[in-house]
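Report on the structure given below.
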Amino acid sequence: MTVTDWIELAAFMILTVGCLWQLWWIFRRQQNWPVRWLNLIIVAVALVSWWLWPQPIVRLLLFVITALAGSLEFVLIRQFLSDQDAVFARSLDKMMAQYSQEVQELYANMRGWRHDYHDHLQALKAYLDNQDTTGARQYLDELEDKLDAVDPLVHSGNAMLDAIVNAKLTLAERLQIPVNEKVIVGNTPLIKDVDLVVILGNLLDNAIEAITEQPADEKRQLRLYIGIVKQQFYISVTNTRPADQVIDYQYASTKSDKRGLGIRRVNKLVAKYDGMINRQYEDEVFVTEIAIPIHAVKPTTHA
């Protein structure tokens, strides 16, 4: 083999390795199949063209163009992902601030209830001293209504999980969405607080948004189950959906980039803990299930 042949062979090997690395990086960082297919086509064209045009000058130009195109795509996608992370970080800060405020309001209401507890007892004694049982019953009914407003919907055993779920379920109640929930985790170590906020916040936000898109005359409901099932941290969110909803089996929203970003973040975080996601359309409902192995969770629950 001549020196030229060795140079061309080395260039082809570099081109091949570079193309394969680019494909690996794209498939690892991009869940979008059109982008994946585009890169597959570009790689196939580049490698086939190398053999169709054996002229050295053509091969050199092909090598340079492919290298420049790959480098440009790498930089653009890196920048795009960096911008997405910045948007997500700002959104996460807002979510954490919202949940913190919800918890503070809840504790403030509970402290206020405890502060007034003695006064309520004195008022009830006054009714009983006057043998006004009807007034005492009415007073107790009013206290019961206030207690329902103070008492959070969920007592899972995990403070951060309670804060997230209670905030979202309170929103659902304000939107008059019937809720059926069961949340019990006890003191089992869960995933990091920040990751928990992202996963549950996005799942419940998407579910509530889908339900609010339904016409008022359609059946609306949100079902939530969170627990420890067979050594798995298990989350199931089921929401009714519009009867005429266009089914997207890619599970990537075409309506809102924020929702699509949320789905991608959830996918990435579940994969981080070696978990599994099952999304499926069933009769008039959409179901998302997540299972994260307990052995993949580190002892600390703080971010």
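Residues T212 and R220 have side chains in contact (heavy-atom distance under 4.5 Å, counting atoms from C-beta outward). Between D195 and K272 the shortest side-chain heavy-atom distance falls below 4.5 Å.
Here the shortest heavy-atom pairing between D274 and P293 reads O-CD, 3.4 Å. The shortest non-hydrogen separation linking I164 to G201 is CG2-N, 4.1 Å. A pairwise comparison of heavy atoms in S156 and D162 identifies OG-OD1, 2.5 Å as the closest pair. Closest heavy-atom contact between F286 and T288: CE2-OG1, 3.3 Å.
Residues Y225 and L161 fall into different hydrophobic clusters, defined by Ile, Leu, Val, Met, Phe, Trp and Tyr side chains chained together at heavy-atom separations under 4.5 Å. At a threshold of 4.5 Å between side-chain heavy atoms, the hydrophobic network of Ile, Leu, Val, Met, Phe, Trp and Tyr places I199 and V287 in two separate groups. Tracing side-chain contacts under 4.5 Å through hydrophobic residues (I, L, V, M, F, W, Y), one reaches V185 starting from L203; they form part of the same cluster. Connection of M276 to V198 is not established within any shared hydrophobic cluster, with ILVMFWY side chains joined at heavy-atom distances below 4.5 Å, either directly or through further cluster members. Under a hydrophobic clustering in which Ile, Leu, Val, Met, Phe, Trp and Tyr are joined whenever their side-chain heavy atoms come within less than 4.5 Å, directly or via other members, I294 and V229 fall into different clusters.
A distance of 6.5 Å separates CD1 in I292 from CD1 in I290, rounded to the nearest 0.5 Å. Atom CG in L175 sits 7.0 Å away from atom CD1 in I208 (nearest 0.5 Å). Atom CZ of R137 and atom CG of L124 lie 11.5 Å apart (nearest 0.5 Å). Here the straight-line distance linking atom CG of N180 with atom OG1 of T238 works out to 9.5 Å at 0.5 Å rounding.
A side chain to side chain donor-acceptor pair (under 3.5 Å) with T240 holds for exactly one of R223, Q214, Q221; it is Q214.
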When you look at L190 and I228, which way does the side-chain contact (heavy atoms from CB on, under 4.5 Å) test go after all the steps?
CA-CA 10 Å; L190 302 180; I228 307 300; 4.2 Å; yes
Show your reasoning for whether side-chain contact (heavy atoms from CB on, under 4.5 Å) applies to N206 and V237.
CA-CA 10 Å; N206 291 347; V237 179; over 6 Å; no
Would you sort out whether L222 and L169 count as a side-chain contact (heavy atoms from CB on, under 4.5 Å), showing the intermediate values?
CA-CA 9 Å; L222 171 65; L169 295 189; 4.0 Å; yes
Evaluation steps, side-chain contact (heavy atoms from CB on, under 4.5 Å), between K168 and L200
CA-CA 9 Å; K168 296 304 180 183; L200 284 176; over 6 Å; no
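Using modelled atom types, no side-chain atom of D132 and backbone atom of Y127 make a donor-acceptor pair closer than 3.5 Å. A donor-acceptor pair is defined here as one N or O able to donate and one able to accept, closer than 3.5 Å; such a pair exists between the side chain of R241 and the backbone of E282.
The number of heavy atoms from other shown groups lying within 6.0 Å of CG (N130) is above 12.
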